[in-house]
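Below is one structure; the comments refer to it alone.
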Amino acid sequence: LIICDELLAKDKENTKAKSEKALALRQFRKFDPALVLINEAIKKEPEIARHYFIKAFILNCKGTKNNSEALQVIKKANELKPNYSDGLSVQALLLSEMNDKDREMILFDKAIMLDPKNSFAYNHKGLHYKTHGNKEKARECFEMAVKIDPNFSIAHANLGDYYYDVSKN
């Protein structure tokens, strides 16, 4: 946030800084200010797919009642950049929350095919397997997510949950 604020202090119209600050604010659950910033970035640069990806992610984190809107926003990102692994991953996550499990897995697989280092896709694919009782496939996905991004704390937590569940049985 500090770097984004410094960049915005120098140039209030810096859309990359606005976009990245919006993403950072999402982590602190400051969804409304994040949406203001990302909407400003989209207004100035409507051709940038990453802006739409970030907006969809913020809407998703804000709550499931926003998932229909988020799905429309992520579709725009995927139109602008059809083989955008992050966009496909967020679209798959939204479909998961809307109980469209078949399309969810197709999109996670496509996201991973496009970017084999997409730890987010592996982690969420693992959650799908866990939810549907395929613990070993879930473990493989969580391990891959951690291998790709050793700092991905949520993937570590999911892998830890797997080992805890196995130890109970």
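Just so it is clear, the structure is predicted and the values come from calculations on it, not from any experiment.
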State plainly whether one hydrophobic cluster holds both [X] and [Y], where clusters connect Ile, Leu, Val, Met, Phe, Trp and Tyr through side-chain heavy atoms under 4.5 angstrom apart.
X      : Y      : result
Met144 : Leu159 : no
Tyr122 : Leu114 : no
Ile54  : Leu8   : no
Val166 : Leu127 : yes

Donor-acceptor under 3.5 Å ([X] side chain, [Y] main chain):
X      : Y      : result
Ser119 : Ala145 : no
Lys55  : Ala70  : no
Ser89  : Ser85  : yes

Do [X] and [Y] have side chains that approach each other closer than 4.5 Å (heavy atoms only, starting at C-beta)?
X      : Y      : result
Glu13  : Lys18  : yes
Cys61  : Gln27  : no
Leu107 : Leu93  : no
Ile48  : Thr15  : no
Asp165 : Lys130 : yes
Asn118 : Ile148 : no
Leu7   : Asp11  : no
Ser19  : Ile38  : yes

Salt bridge present between [X] and [Y] (N-O < 4.0 angstrom):
X      : Y      : value
Lys117 : Asp149 : no
Lys147 : Glu140 : no
Lys75  : Glu79  : no

Stepwise salt bridge (charged side-chain N to carboxylate O under 4.0 Å, His left out) test for Lys44 and Glu40: CA-CA 6 Å; Lys44 186 161 185 195; Glu40 288 174 4; over 6 Å; no
For Asp32 and Lys62, what are the C-alpha separation, side-chain angles and deciding distance, and is it a side-chain contact (heavy atoms from CB on, under 4.5 Å)? CA-CA 9 Å; Asp32 292 332; Lys62 191 174 179 182; 2.9 Å; yes
Tell me, please, which residues at least two apart from Glu6 pass salt bridge (Lys or Arg N to Asp or Glu O under 4.0 Å). none
Distance (rounded to the nearest 0.5 Å) between [X] [atom1] and [Y] [atom2]:
X      : Y      : atom1 : atom2 : result
Ile42  : Tyr52  : CD1   : OH    : 5.5 Å
Lys101 : Met105 : NZ    : CE    : 10.0 Å
Leu37  : Leu23  : CG    : CG    : 11.5 Å
Gln91  : Ile106 : CD    : CD1   : 11.5 Å
Asn67  : Ile74  : CG    : CD1   : 11.5 Å
Leu71  : Leu94  : CG    : CG    : 5.5 Å

Leu1 atom CG, over 12 foreign heavy atoms within 6.0 Å: yes
For atom CD1 of Ile154, is the number of surrounding heavy atoms from other residues, nucleotides or ligands below 6.0 Å larger than 12?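 No, because the 6.0 Å sphere around CD1 of Ile154 holds 12 heavy atoms or fewer from other groups.
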For Ala34, enumerate each residue passing the side chain to side chain contact (heavy atoms under 4.5 Å, CB included) test, keeping only those at least two apart in sequence or located in another chain. Ala22, Leu25, Ile58
Is a side-chain donor-acceptor pair under 3.5 Å present for Glu136 with Tyr162?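 Their side chains do contain a donor-acceptor pair, which is all the 3.5 Å distance test asks for.
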For Lys125 and Asp109, run salt bridge (charged side-chain N to carboxylate O under 4.0 Å, His left out): C-alpha distance rounded to whole Å, both residues' side-chain angles, the deciding distance at 0.1 Å, then the answer. CA-CA 8 Å; Lys125 188 175 178 180; Asp109 287 340; 2.4 Å; yes
For a quick test of reading the model, state the closest non-hydrogen atom pair linking Ala138 to Tyr129 and the distance between them.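 So the two residues come closest at N-CB, 3.6 Å.
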Looking only at heavy atoms, which two atoms of Ala56 and Val73 are closest? And how far apart?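 Between these two residues, the closest heavy atoms are N-CG1, 3.8 Å.
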As a quick check of understanding, evaluate side-chain contact (heavy atoms from CB on, under 4.5 Å) for Phe142 and Asn123, giving each step before the final call. CA-CA 5 Å; Phe142 298 144; Asn123 183 65; 3.5 Å; yes
Taking only residues at least two apart or on different chains, which pairs with a member in residues 68-93 satisfy ring pair (Phe, Tyr, Trp, His ring centres under 6.0 Å)?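 For residues 68-93, and leaving out neighbouring residues, the ring pair (Phe, Tyr, Trp, His ring centres under 6.0 Å) pairs sorted by first residue read Phe53-Tyr84.
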Does the side-chain contact (heavy atoms from CB on, under 4.5 Å) test come out yes or no for Phe31 and Arg26, once each step is laid out? CA-CA 6 Å; Phe31 303 123; Arg26 176 208 52 89; 4.0 Å; yes
Test side-chain contact (heavy atoms from CB on, under 4.5 Å) applied to Glu20 and Ile3, step by step: CA-CA 10 Å; Glu20 295 306 316; Ile3 293 170; over 6 Å; no
Taking the ring centre of each residue, are Phe152 and His156 less than 6.0 Å apart? no
